[in-house]
Amino acid sequence: MDSAVDRLQQRLTDSVSEVLTKMETSGLRPLQADMYKCSARCAEDTSIPGNRVEPCIENCSRVLQSFQEEVGRELESFQNRFQRCAMDCQDKMRDRGLPSSDSEFVTCLTKCTDDHVALVPAMGKRLEGSLDKAMQQRKFQ
């Protein structure tokens, strides 16, 4: 049973990782590069008073930080939803007096996994929207 649950967990993890990897290469790295370049400009610009360099650098990281927070919220929400589904499976087994090692538990957990893997593309689209917004905001730095 453990191997079946492990496979389900790995399937869900792989699905989410695929979206995150795409986000990293298509948007996160360019945002990081822009942040570092902007920060370097702040440090190199001798016309900026010393007490304004740090706020300048903080401003450079604002777009990236906002995007990373959005990704964190999406992942947290997704994880919470899956955990509620898995807990519901456990509760159903407990209510019926069956151990959580029962094949019905695995069947229930498989449905949770299937349902949540199906949600990953929509989450990816929302993150792409957030990334597009961040990419537009970076142009104003």
Side-chain angles (χ1 to χ4, degrees), residues 1-96 98-141:
M1 200 271 305
D2 284 339
S3 64
V5 172
D6 290 342
R7 283 192 303 273
L8 292 171
Q9 183 178 4
Q10 189 61 51
R11 187 169 146 240
L12 188 60
T13 299
D14 290 348
S15 181
V16 172
S17 291
E18 184 180 322
V19 168
L20 294 179
T21 299
K22 182 180 174 188
M23 289 291 132
E24 179 185 359
T25 56
S26 68
L28 183 60
R29 288 187 186 176
L31 283 176
Q32 287 173 323
D34 286 349
M35 179 197 69
Y36 289 120
K37 290 173 189 173
C38 178
S39 296
R41 285 191 303 270
C42 292
E44 291 170 347
D45 188 347
T46 57
S47 69
I48 298 175
N51 65 344
R52 298 300 309 150
V53 173
E54 192 62 34
C56 179
I57 291 171
E58 288 173 8
N59 186 53
C60 292
S61 66
R62 194 163 286 131
V63 171
L64 177 62
Q65 183 178 357
S66 177
F67 175 66
Q68 288 173 324
E69 289 170 358
E70 181 64 27
V71 170
R73 283 189 296 273
E74 279 288 342
L75 292 175
E76 182 179 12
S77 174
F78 184 81
Q79 184 176 22
N80 287 341
R81 289 176 70 179
F82 181 77
Q83 286 174 342
R84 286 193 306 268
C85 188
M87 288 172 58
D88 187 51
C89 291
Q90 289 175 333
D91 290 345
K92 287 176 183 176
M93 295 301 105
R94 189 176 306 118
D95 291 346
R96 296 179 64 213
L98 298 172
S100 60
S101 61
D102 191 82
S103 65
E104 287 184 46
F105 174 72
V106 175
T107 300
C108 184
L109 201 55
T110 300
K111 179 162 178 19
C112 289
T113 302
D114 292 344
D115 291 348
H116 284 78
V117 166
L119 294 173
V120 170
M123 179 178 67
K125 291 284 186 202
R126 284 190 301 277
L127 290 174
E128 284 176 19
S130 295
L131 178 59
D132 289 344
K133 182 179 172 184
M135 298 296 269
Q136 290 299 316
Q137 289 175 343
R138 80 176 197 192
K139 293 177 183 175
F140 300 110
Q141 285 188 333

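For the numbers below, each heavy atom of this structure counts, side chains included, while hydrogens, waters and symmetry mates do not. Everything quoted here is computed from the prediction, not taken from an experiment.
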Handout entry: SB check Arg73 Glu76 (cutoff 4.0 Å)
Key = no
Practice task
Indicate yes or no: does Arg11 engage Asp114 in a salt bridge with an N to O separation below 4.0 Å.
Solution key: yes
Handout entry: Ion pair check, Glu70 and Arg126, cut-off under 4.0 Å
Key = no
Exercise for the section: Answer yes or no: is there a side-chain heavy-atom contact under 4.5 Å between Val71 and Leu20? Expected result: yes
Problem - Nearest-0.5 Å distance that lies between atom NZ in Lys22 and atom CG in Leu131 - result: 10.0 Å
Handout entry: Sub-4.5 Å side-chain heavy-atom contact between Met123 and Leu75
Key = yes
Problem - Considering all heavy atoms, the nearest Phe67-Leu31 contact - result: CD2-CD1, 4.1 Å
Handout entry: Sidechain-backbone polar pair: Ser61 side chain, Glu58 backbone, donor-acceptor under 3.5 Å
Key = yes
Problem - Pairwise side-chain contact, Leu12 with Phe78, heavy-atom cut-off 4.5 Å (strictly under) - result: yes
Handout entry: Pairwise distance OH(Tyr36) to CD1(Ile57) - rounded to 0.5 angstrom
Key = 12.0 Å
Exercise for the section: Decide yes or no on side chain to side chain contact (heavy atoms under 4.5 Å, CB included) for Arg94 and Asp91, but give the supporting numbers first. Expected result: CA-CA 5 Å; Arg94 189 176 306 118; Asp91 290 345; 2.9 Å; yes
Exercise for the section: Find out whether Lys92 and Glu104 are in side-chain contact, i.e. whether some heavy atom of one side chain is under 4.5 Å from a heavy atom of the other. Expected result: no
Fill in the blank from the handout: In this structure, CE of Met135 is separated from OG of Ser130 (nearest 0.5 Å) by 13.0 Å
Practice task
Please test Arg62 against Met35 for side chain to side chain contact (heavy atoms under 4.5 Å, CB included), starting from the C-alpha separation and ending with a verdict.
Solution key: CA-CA 9 Å; Arg62 194 163 286 131; Met35 179 197 69; over 6 Å; no
Practice task
Run the numbers on Arg81 and Leu119 for side chain to side chain contact (heavy atoms under 4.5 Å, CB included), then give the verdict.
Solution key: CA-CA 11 Å; Arg81 289 176 70 179; Leu119 294 173; 3.7 Å; yes
Handout entry: Check ion pair Asp115-Lys111 (N to O, under 4.0 angstrom)
Key = yes
Exercise for the section: Could you verify whether a donor N or O on one side chain and an acceptor N or O on the other, from Asp6 and Gln10, lie under 3.5 Å apart? Expected result: no
Exercise for the section: Check whether the SG atoms of Cys89 and Cys112 are less than 2.5 Å apart, and answer yes or no. Expected result: no
Handout entry: Nearest-0.5 Å distance that lies between atom CG in Asp95 and atom CE in Met93
Key = 9.0 Å
Handout entry: Pro30 to Thr25 - nearest heavy-atom pair and separation
Key = CD-O, 4.1 Å
Fill in the blank from the handout: Interatomic distance, CD@Gln90 vs SG@Cys108, rounded to 0.5 Å, equals 9.5 Å
Handout entry: Any side-chain heavy-atom pair of Arg84 and Asn80 under 4.5 Å
Key = yes
Practice task
Evaluate the side-chain proximity of Leu28 to Gln68: yes if any heavy-atom separation is below 4.5 Å, no if none is.
Solution key: yes
Fill in the blank from the handout: Residues Val19 and Gly124: closest non-hydrogen pair is CG1-CA, 3.7 Å
Handout entry: Enclosure of Gln9 CD (heavy-atom neighbours >12, cutoff 6.0 Å)
Key = no
Exercise for the section: Measure the spacing between OG of Ser17 and CD of Glu24 and express it to the nearest 0.5 Å. Expected result: 11.0 Å
